[in-house]
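Take a look at the structure set out below.
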Amino acid sequence: KIKNKASANGIISSVSFGAIISAALLFSLLLIFSALALALERPHVILKPLAFFSIYTSAFFGGFLSVKKNKGRDSLLCGLFCGIVTAILLSLLFGIIALASDAETTPISWLYRALIIPASILGALIGAKSKPKKKRRRS
């Protein structure tokens, strides 16, 4: 349950932050892994695993940073909403790419997109459980 309007605004800003970071991390990872694949003689073998790693890692860190921005509160809601927003953004992107290339969307691709949500929730739950590091005093 969301207790008040300030808490709802905090969740919205945290989810937006998490989704933006998730998208930026996804594109960064895809760029790095594309360069790696171009350097290989047979890149087709590693393309799918690297793409999945990029998508789910970015969703995980989006949920993680979302709950950190929300100061560890409402971790399940932050992770759930961040995962949903990230999945919708990626679905829109993949849909535009599919329209441009006349490719068909398979049912398994919807499952892969739906798995973004649990990855984000897991990141948020871990982010809520982890405690900030204490600053060491210099003597």
Side-chain angles (χ1 to χ4, degrees):
K1 252 183 181 181
I2 299 174
K3 294 176 182 148
N4 57 27
K5 192 171 182 166
S7 178
N9 288 338
I11 290 174
I12 291 171
S13 68
S14 297
V15 166
S16 301
F17 175 75
I20 289 169
I21 294 297
S22 180
L25 181 61
L26 172 66
F27 292 122
S28 300
L29 286 172
L30 288 176
L31 184 65
I32 291 167
F33 292 149
S34 295
L36 174 70
L38 284 173
L40 297 175
E41 187 176 315
R42 300 185 63 172
H44 296 81
V45 177
I46 66 166
L47 286 180
K48 194 178 258 188
L50 290 179
F52 285 141
F53 177 81
S54 300
I55 290 171
Y56 298 126
T57 301
S58 65
F60 177 88
F61 280 108
F64 184 88
L65 293 174
S66 162
V67 82
K68 285 295 186 184
K69 178 149 174 58
N70 202 30
K71 298 178 180 128
R73 297 184 308 255
D74 301 320
S75 60
L76 189 60
L77 287 176
C78 283
L80 177 68
F81 291 143
C82 185
I84 290 171
V85 169
T86 303
I88 289 171
L89 289 175
L90 291 179
S91 292
L92 289 173
L93 175 68
F94 296 150
I96 291 169
I97 292 170
L99 285 175
S101 65
D102 293 331
E104 291 185 25
T105 302
T106 60
I108 194 75
S109 69
W110 290 102
L111 174 65
Y112 294 147
R113 293 175 196 173
L115 290 175
I116 291 171
I117 298 169
S120 182
I121 291 172
L122 181 65
L125 292 175
I126 290 174
K129 299 249 187 261
S130 65
K131 296 184 179 178
K133 292 182 179 179
K134 293 181 182 177
K135 294 183 180 180
R136 293 176 61 182
R137 289 191 306 165
R138 294 187 175 180
S139 21

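These values consider heavy atoms only, across backbone and side chains, with no hydrogens, waters or symmetry-generated copies. Along the sequence shown, residues are numbered consecutively beginning with 1.
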(request) Mind checking side-chain contact (heavy atoms from CB on, under 4.5 Å) for A37 and listing every partner two or more places apart, or none if nothing turns up? (result)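 Listed in chain order: P43, L47.
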Donor-acceptor contacts under 3.5 Å from residues 14-35 side chains, at least two apart:
residue	atom	partner	partner atom	Å
S14	OG	G10	O	2.7
S14	OG	N70	N	3.4
S16	OG	I12	O	2.9
S22	OG	S58	O	2.9
S28	OG	A24	O	2.9
S34	OG	L30	O	2.7

(message) Tell me whether I108 shares a hydrophobic cluster with L115, the cluster being built from Ile, Leu, Val, Met, Phe, Trp, Tyr side chains joined at under 4.5 Å.
(response)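 Yes; L115 is reachable from I108 via cluster members.
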(request) Could you state whether L111 and I116 fall into the same hydrophobic cluster, counting links through intermediate Ile, Leu, Val, Met, Phe, Trp or Tyr residues with side-chain heavy atoms under 4.5 angstrom apart? (result)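 Same cluster.
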(message) Show every ring pair (Phe, Tyr, Trp, His ring centres under 6.0 Å) that has at least one partner inside residues 96-115, sequence neighbours left out.
(response)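 Qualifying pairs, neighbours excluded: F52-Y112.
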Contacts under 3.5 angstrom, residues 78-97 side chains, donor-acceptor by atom type, not counting sequence neighbours:
residue	atom	partner	partner atom	Å
T86	OG1	C82	O	2.7
S91	OG	A87	O	2.8

(request) For atom CZ of F61, decide whether the heavy atoms of other residues, nucleotides or ligands shown that lie under 6.0 angstrom number more than 12. (result)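 No.
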(message) Over 60° means perpendicular and under 30° means parallel, so tell me whether F64 and F60 are parallel, tilted or perpendicular.
(response)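 Parallel, since the angle between the ring planes stays under 30°.
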(message) Please report the interatomic distance CG(L76) to CG(L125), rounded to the nearest 0.5 Å.
(response)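 Taking CG in L76 and CG in L125, the distance rounds to 6.0 Å.
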